[in-house]
Amino acid sequence: MSGPYVIRGSVSLPEAELMWRFSRSSGPGGQHVNTSDSQAELRFDLAKTEALPPVWKERALAKLAGRLVDGVIIVRASEHRSQWRNRETAAVRLASLLAEATAPPPKPRRAGRIPRGINERRLREKKQRSDTKRGRSGRDWG
């Protein structure tokens, strides 16, 4: 592994809490794919971890609820032929997933007042459009 995977700030994924499993990748690849366990599966117990601050943990559990199996998040990587590169990919993917899930919610949008000039222009253009369409019929609406 290339070192600690930072989630955000000084918080990183603890190596001791990462559970790895390797298996054969699916798809084409010749004789190499039949003999090597290159697919990497990374499991991280989000419900029991002490690495994340409690607020972040609650946010992540709420946002990733659909992806969790008994509080454990699973990430798989099998894009590369090398097990090491698949491990790197899975760990980076998990770190970015947790970074996105633990991010604070955006500030609520404050509705602003519509300037009077914009509203008047909109009504004036509506009136012009109405007059244009009315002028197309043969009637005299006068």
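Because only heavy atoms are used, hydrogens play no part in the values below, and waters and symmetry mates are left out as well, while side chains stay in. Note that the numbering runs from 1 along the sequence shown for the chain.
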For residues 63-72, please give each side-chain donor-acceptor pair under 3.5 Å, one per line with the distance, not counting sequence neighbours.
unit_1: K63; atom_1: NZ; unit_2: A103; atom_2: O; d: 3.4
unit_1: R67; atom_1: NH2; unit_2: I74; atom_2: O; d: 3.4

Give every donor-acceptor pair under 3.5 Å between a side-chain atom in residues 40-47 and any protein atom, sequence neighbours left out.
unit_1: E41; atom_1: OE1; unit_2: R76; atom_2: NE; d: 2.9
unit_1: E41; atom_1: OE1; unit_2: R76; atom_2: NH2; d: 3.0
unit_1: E41; atom_1: OE2; unit_2: R21; atom_2: NH1; d: 3.3
unit_1: E41; atom_1: OE2; unit_2: R43; atom_2: NE; d: 3.1
unit_1: E41; atom_1: OE2; unit_2: R43; atom_2: NH2; d: 3.3
unit_1: D45; atom_1: OD1; unit_2: A47; atom_2: N; d: 3.4
unit_1: D45; atom_1: OD1; unit_2: K48; atom_2: N; d: 3.4

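Among residues two or more places apart in sequence or in another chain, the side-chain contact (heavy atoms from CB on, under 4.5 Å) test is passed with P106 by none. Every residue meeting the salt bridge (Lys or Arg N to Asp or Glu O under 4.0 Å) condition with R93, not counting sequence neighbours, appears here in chain and number order: E79. Evaluation of the salt bridge (Lys or Arg N to Asp or Glu O under 4.0 Å) rule for E125 yields no partner, not counting sequence neighbours. Among residues two or more places apart in sequence or in another chain, the side chain to side chain donor-acceptor pair (under 3.5 Å) test is passed with S78 by none. With sequence neighbours excluded, no residue forms a side chain to side chain donor-acceptor pair (under 3.5 Å) with E100. Listed by chain and number, the residues in a side chain to side chain donor-acceptor pair (under 3.5 Å) with T49 are E17 (sequence neighbours excluded). Every side-chain contact (heavy atoms from CB on, under 4.5 Å) that R136 has, sequence neighbours left out, goes to R129, T132, K133. Applying the salt bridge (Lys or Arg N to Asp or Glu O under 4.0 Å) test to K127 and every residue at least two apart in sequence or in another chain returns D131. Partners of I114 under the side-chain contact (heavy atoms from CB on, under 4.5 Å) rule, at least two apart in sequence or in another chain, are I118. Residues that satisfy the salt bridge (Lys or Arg N to Asp or Glu O under 4.0 Å) test with R109, not counting sequence neighbours, are absent from this structure.
A salt bridge links E120 with R116: at least one charged nitrogen is closer than 4.0 Å to a carboxylate oxygen.
Side-chain contact between P14 and E50: absent, with no pair of heavy atoms (C-beta onward) separated by less than 4.5 Å. In this structure the side chain of T102 never reaches within 4.5 angstrom of the side chain of V11, judged on heavy atoms. Looking at heavy atoms from C-beta onward, L52 lies in side-chain contact with I7 at the 4.5 angstrom threshold.
Of the inter-residue distances, the one linking Y5 atom OH with L13 atom CG reads 9.0 Å to the nearest 0.5 angstrom. A distance of 8.5 Å separates CZ in R81 from OG in S38, rounded to the nearest 0.5 Å.
Hydrophobic clustering (side-chain heavy atoms under 4.5 Å, transitive across Ile, Leu, Val, Met, Phe, Trp, Tyr) groups L94 together with F22. Under the 4.5 Å side-chain heavy-atom criterion for grouping Ile, Leu, Val, Met, Phe, Trp and Tyr, L97 is connected to W20 within one hydrophobic cluster.
Residues R122 and N119 have side chains that bring a donor and an acceptor to within less than 3.5 angstrom of each other.
Screening E88, R85, R87 for a side chain to side chain donor-acceptor pair (under 3.5 Å) with H80, the sole residue that qualifies is R85.
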